[in-house]
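A quick write-up on the structure given underneath.
A, B, ... follow the sequence lines: proteins, then strands. Residue 1 opens every chain.
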Amino acid sequence: MIEWSPSKIKAFQETLLAWYDKEKRDLPWRRDHAPYHVWISEIMLQQTQVQTVIPYYERFMAQFPTVEALANAKESDLMKAWEGLGYYSRARNLQRAAQQLVTDHHGVWPTTAEGLRELAGIGPYTAGAIASIAFGQPVPAVDGNAFRVFSRLLEIDDDIAKPKTRSVFEAAIQRMMPADRPGDFNQAIMDLGSSYMTAKNPDSAHSPVKAFNQAYLDGIEDQFPVKTKKPRPVPVDLLALVIRRGDQLLLLKRPNSGLLAGFWTFPMVDVAELQAASERDLVLESDLSRALQKWAMDEFKLALTAIGFTGGQQVTHTFTHRKWRISLVVADLAVDADLSYFPGQWLTPKAVAKTAFPKVQTKLFDQARALKLME
DNA sequence: GATACGTGGGC
DNA sequence: TGCCCAAGTAT
């Protein structure tokens, strides 16, 4: 990496902030610098594009306008508000932090990055963002944009996928923070990273800071940032059970930790586990049907009158680290089945709209409707 | 320090 | 499709 002189740093600050003053994006969370507004927007924006966040942010603020409202919200309402945004622990941590603010801090915000880090869901980036934007603290906010922008400006070739690299960038950026406008500086870097200095197809030739972009000037911009690749999602084959009782469907609550924690979905069976548990490979549908029936009997202590493949296309859903390939299987319950040990809940068609579901479950609902398994 | 954790968009 | 990316954090 290269070093900049104090005069060059000063020139960069002035160029960047002049551009920001003229071209900054008009975003809903930029109407003021209220810590609550900055905070909610920053959490929503984690790993999520601005265009996606805007409508969620507007609805969220209308529904939960204050820290107190958020702290006292029903979890089901909160999850419904967050439905579709992903990384749902963000929403749960949001409420925990709101409760921390109310109970531990008597409603008074910590104003330093270190203090903000104590709140649930606030890591080094978000702490820096809130401290600088809401409280004027001269601290860096190192997100993907900052990694990308400064790796090119300074030709920093440390691997940004490695946690310890963060400190390299924080140290470099700390030296450049303007004492008077740290929040605008950090936000200007983000705007720069999402306009001229994008990950793909950057337009550095027209960038307001092209004269400071060492990698561009050297014709090696495409080499920055350095980032090791992540492994591809692992395929997992699953069966989703559409267990019916009249017009109602059985849903199970997923564990409170792990993937899609706490959400209600169709009962899911891992095919590999099912096969491992059976005496031999399940090749014929009749074999699978018997195995499933045994599984259902064992797990639910319920009598099933029928169980079998539905025939439709597989539903696929890809997460960051898993690729689910799901086949629907239908089962109709005996009308006099004993439900006393039932580990789930029956969902009426009407209730579907009021409950928060993860995307994969809405895909399963769609497929079930297409197969005439439900309304 | 590596891995888990959602979803949508671009090519 | 598959792969990468998008204002990261928790464990």
Side-chain angles (χ1 to χ4, degrees), chain A residues 24-25 27-30 37-57 79 82-94 96-97 116-130 132-133 140-149 159-167 169 183 185-195 197-202 222 225 227-236 254-263 265 314 316-325 356-363:
Chain A
K24 68 179 173 187
R25 289 173 290 178
L27 299 169
W29 45 89
R30 286 183 176 174
H37 298 160
V38 176
W39 174 45
I40 299 301
S41 67
E42 292 299 344
I43 300 297
M44 286 186 171
L45 286 161
Q46 290 171 8
Q47 304 293 289
T48 310
Q49 295 184 337
V50 166
Q51 158 191 327
T52 301
V53 165
I54 290 174
Y56 280 92
Y57 177 85
M79 295 315 291
W82 204 267
E83 181 181 33
L85 260 189
Y87 286 152
Y88 298 96
S89 65
R90 289 185 294 175
R92 298 196 175 92
N93 283 333
L94 218 41
R96 277 189 219 120
L116 290 161
R117 283 295 303 277
E118 301 296 318
L119 300 171
I122 296 187
Y125 162 73
T126 307
I130 299 174
S132 62
I133 299 170
V142 187
D143 68 336
N145 287 304
F147 276 127
R148 186 169 59 256
V149 167
D159 183 355
I160 66 169
K162 300 204 173 305
K164 68 178 184 181
T165 298
R166 168 176 299 278
S167 62
F169 280 76
F185 181 88
N186 284 333
Q187 293 184 90
I189 294 299
M190 298 182 219
D191 278 16
L192 197 57
S194 60
S195 56
M197 298 186 69
T198 51
K200 293 173 184 173
N201 304 317
D222 59 346
K227 185 182 186 182
T228 54
K229 299 184 199 307
K230 289 174 181 171
R232 24 178 312 186
V234 177
V236 178
R254 296 179 61 82
N256 284 324
S257 63
L259 191 57
L260 306 179
F263 279 108
T265 66
Q314 277 191 331
T316 65
H317 188 80
T318 305
F319 302 97
T320 307
H321 57 302
R322 292 284 183 275
K323 178 177 182 176
W324 282 3
R325 300 183 296 207
F357 293 106
K359 186 66 184 175
V360 65
Q361 181 58 43
T362 66
K363 287 184 183 177

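Between A:His321 and the phosphate of B:dC5, there is a side-chain N or O to OP1/OP2 separation shorter than 4.0 Å.
Atom CZ in A:Arg322 sits about 11 Å away from atom P in B:dT3, given to the nearest Å. One can place NZ of A:Lys359 at 8 Å from P of B:dT7, the figure rounded to the nearest angstrom. The CG atom of A:Leu260 sits 9 Å away from the P atom of B:dC5 (whole-angstrom rounding). Rounded to whole Å, the distance from CG on A:Leu45 to P on B:dT7 is 18 Å.
Judged by closest nucleotide on DNA chain B, A:Lys164 is the one of A:Thr318 and A:Lys164 placed further toward the 5' end. Each of A:Ile122 and A:Thr320 was assigned the nucleotide of DNA chain C with the nearest heavy atom; the assignment lying further toward the 5' end belongs to A:Thr320. When the nearest nucleotides of DNA chain C are assigned to A:Lys229 and A:Leu119 by heavy-atom distance, the more 5′-ward of the two goes with A:Lys229.
A donor atom on one side chain and an acceptor atom on the other are found under 3.5 Å apart for A:Glu42 and A:Tyr125.
For the P atom pair drawn from B:dT3 and C:dC4, the interatomic distance equals 16 Å after rounding to whole Å. Nucleotides C:dT9 and B:dG1 place their C1' atoms 14 Å apart, quoted to the nearest Å.
Using cut-offs of 30° and 60° for the angle between ring planes, the A:Phe319 and A:His321 rings count as tilted.
Protein chain A contacts DNA chain C over a range whose 5' and 3' limits, counting nucleotides with an atom under 4.0 angstrom from a non-hydrogen atom, are C:dG2 to C:dA10.
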What does the list of N/O pairs under 3.5 Å between the protein and nucleotides 9-11 of chain B look like, with a distance for each?
unit_1	atom_1	unit_2	atom_2	d
B:dG10	N2	A:Lys200	NZ	3.4

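Salt-bridge formation is not detected for the pair A:Lys24/A:Asp191: no Lys NZ or Arg NE/NH1/NH2 atom is positioned less than 4.0 Å from an Asp or Glu carboxylate oxygen.
Using a 4.0 Å heavy-atom distance criterion, A:Leu27 is classed as a base contact. Residue-level contact check: A:Gly258 touches the backbone only, with heavy atoms under 4.0 Å from sugar-phosphate atoms and none from bases.
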